[in-house]
Amino acid sequence: MSDQVRQAVARERLRARLVGLRKQSGLSPGTVTRRTHWSTSKLHRIETGAVTVQPVDLEALLQMYGVRDRDEVAELIDLALVSRRRQWWSSYRLDPEYREFVAYESEASRITVYQALLIPGLLQTERYAKAATASIGKKADDTAVQNAIDVRLRRQAELFARIAGNRPPELIALLDGAVLERPIGGADVMRAQLDHLLKVEQQPHVRLVVIPLRHGARPGPGGLFEMLEFSGTADPDVVFVQSPIKDFVVKDPDATAAYHDVVDAIVGSGLTRDAAVEEIRRIRDGR
């Protein structure tokens with residue numbers, strides 16, 4: 001397993017594997033805790049991914065579960081080490097759900113993002129991000145607000161560094177026509193933002209889908225969601241949903257499948273490639 005596997009993804013893989021191995025061994029949680037002299041809460045936290053597991057504790061579990069294959073043991077220990085590694089987002093104060101989302105995003109092979117009222121955060125310029133913050137009554141110089149903007153810009157930098165690297169992810173941005181025409185920050189800020197979209201669209205592995213207002217009603221949710229997919233692994237798709245009350249990460253296969261249907265419907269109703277570029281230029285130029 002590559003060291004580039006990110007912390008949260010590694011933790012989830014390890015958590016799921018340990019639960020599976022315990023059940024396969026026929027051991028109950030009570031039996032495991034009696035043999036290891038652990039508290040029930042310690043095993044529960046490990047199996048739910050609430051804490052990382054020390055390699056020495058992992059080796060004890062694997063021996064108890066009858067795992068003898070050296071390659072499998074080495075792979076699982078590697079996951080434990082990676083899951084404990086400090087990542088760039090560790091220096092920011094983030095809610096647990098958002099921190100988990102950022103970790104998954106950093107390893108996703110395909111990222112599909114939609115935001116109903118604003119340009120998606122991964123495509124915002126810094127001036128647009130600050131103006132958007134001010135438009136909802138928050139001060140851009142507030143410490144918490146500036147922290148959120150800094151994280152957003154860092155996510156962008158990390159994503160486009162990956163796109164320029166050896167294992168580039170695919171970015172699909174679903175842009176409702178209203179967010180392209182909504183004047184955030186004034187004419188200069190919006191023109192620079194639309195120019196940024198045109199520049200980003202030229203990069204490989206980036207696809208913009210524009211749903212013009214003239215297309216009328218279209219499918220889609222009313223808020224923000226980001227769908228993350230992973231290639232070459234057994235990891236299920238993940239959807240991050242942002243709401244005014246609480247952000248949350250969706251992992252249930254039935255729920256994520258519904259988001260796939262939403263994405264397919266939006267893409268089918270929108271403009272892509274040259275047509276999307278021409279629509280953005282038309283709005284930018286006021287035609």
Side-chain angles (χ1 to χ4, degrees), residues 6 9 98 101-125 128-129 152-182 193-213 215 218-233 235-242 247 249-251 253 255-281 283:
R6 299 297 186 183
V9 178
Y98 195 78
F101 153 64
V102 171
Y104 275 112
E105 182 185 67
S106 70
E107 186 60 21
S109 58
R110 176 182 291 168
I111 299 171
T112 304
V113 61
Y114 170 88
Q115 192 164 351
L117 299 177
L118 299 169
I119 302 292
L122 286 175
L123 298 175
Q124 292 178 5
T125 65
Y128 181 96
R152 191 178 311 160
L153 297 176
R154 180 63 183 270
R155 286 170 52 216
Q156 289 182 28
E158 295 290 333
L159 172 61
F160 285 101
R162 291 177 59 210
I163 287 176
N166 295 327
R167 296 192 305 152
E170 180 183 6
L171 172 63
I172 303 173
L174 310 175
L175 304 171
D176 190 278
V179 306
L180 301 177
E181 300 196 34
R182 182 170 291 114
Q193 175 64 69
L194 295 176
D195 282 340
H196 178 65
L197 292 179
L198 293 171
K199 181 179 179 181
V200 167
E201 199 279 335
Q202 297 175 6
Q203 297 196 38
H205 311 291
V206 175
R207 178 157 58 121
L208 305 184
V209 180
V210 177
I211 307 92
L213 291 177
H215 282 196
R218 48 92 183 120
L224 175 151
F225 75 85
E226 186 167 321
M227 184 166 64
L228 307 173
E229 300 172 72
F230 306 88
S231 65
T233 75
D235 297 301
D237 299 342
V238 170
V239 176
F240 174 70
V241 180
Q242 192 173 66
D247 300 340
V249 175
V250 179
K251 301 177 185 177
T256 57
Y259 277 94
H260 273 285
D261 293 340
V262 169
V263 168
D264 290 344
I266 293 176
V267 172
S269 67
L271 306 175
T272 60
R273 307 191 187 283
D274 291 346
V277 168
E278 177 56 31
E279 182 68 10
I280 295 172
R281 286 176 177 164
I283 295 172

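When reading the values below, keep in mind they use all heavy atoms of this one structure, side chains included, and skip hydrogens, waters and symmetry mates.
The side chain to side chain contact (heavy atoms under 4.5 Å, CB included) search around Arg273 returns Arg207, not counting sequence neighbours.
Counted within 6.0 Å of CG on Asp274, heavy atoms from surrounding residues, nucleotides or ligands total 12 or fewer; the atom is thus considered open.
Between Pro212 and Glu279, the shortest heavy-atom distance links the atoms CB-OE2, 3.8 Å. Closest approach of Ala255 and Val250 over heavy atoms only: CB-CG1, 3.5 Å. Shown here for Val209 and Gly270, the closest heavy-atom pair between the two residues is CG1-CA, 4.1 Å. The minimum heavy-atom distance between Leu208 and Leu197, with the atom names listed, is CD1-O, 3.6 Å. Here the shortest heavy-atom pairing between Pro169 and Ala108 reads CB-O, 3.4 Å. What you find for His196 and Leu123 is that their closest heavy atoms are CD2-O, 3.1 Å.
Aromatic ring centres of Phe101 and Tyr104 lie farther apart than the 6.0 Å criterion allows.
With hydrogens and angles ignored, the 3.5 Å screen pairs no side-chain donor or acceptor of Gln156 with any backbone N or O of Thr125. In this structure a side-chain-to-backbone donor-acceptor pair under 3.5 Å is present from Gln124 to Ile119. In this structure a side-chain-to-backbone donor-acceptor pair under 3.5 Å is missing from Gln193 to Ala129.
Classification of Arg162 and Glu158 as a salt-bridged pair fails, no side-chain N sitting under 4.0 Å from a carboxylate O.
Proximity of Thr112 to Val267: side-chain heavy atoms (C-beta onward) are nowhere separated by under 4.5 Å.
Partner of Phe240 under the ring pair (Phe, Tyr, Trp, His ring centres under 6.0 Å) criterion, chosen from Tyr259, Tyr98, Phe225, Tyr114: Tyr98.
The CG atom of Leu175 lies 7.0 Å from the CD1 atom of Ile211; values are rounded to the nearest 0.5 Å. Atom-to-atom distance recorded for Thr256:OG1 and Met227:CE is 8.5 Å, nearest 0.5 angstrom. Once rounded to the nearest 0.5 Å, the distance linking CD1 of Ile163 with CG of Leu171 reads 5.5 Å. Separation of atoms OG1 (Thr272) and CD (Glu201) is listed at 9.0 Å; rounding is to 0.5 Å. Distance CG/Leu118 to OH/Tyr128: 4.5 Å, rounded to 0.5 Å. Rounding to the nearest 0.5 Å places CG of Asp176 at 6.0 Å from CG of Leu213.
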| field | Check against side-chain contact (heavy atoms from CB on, under 4.5 Å), Leu159 and Glu105 | value | CA-CA 9 Å; Leu159 172 61; Glu105 182 185 67; over 6 Å; no
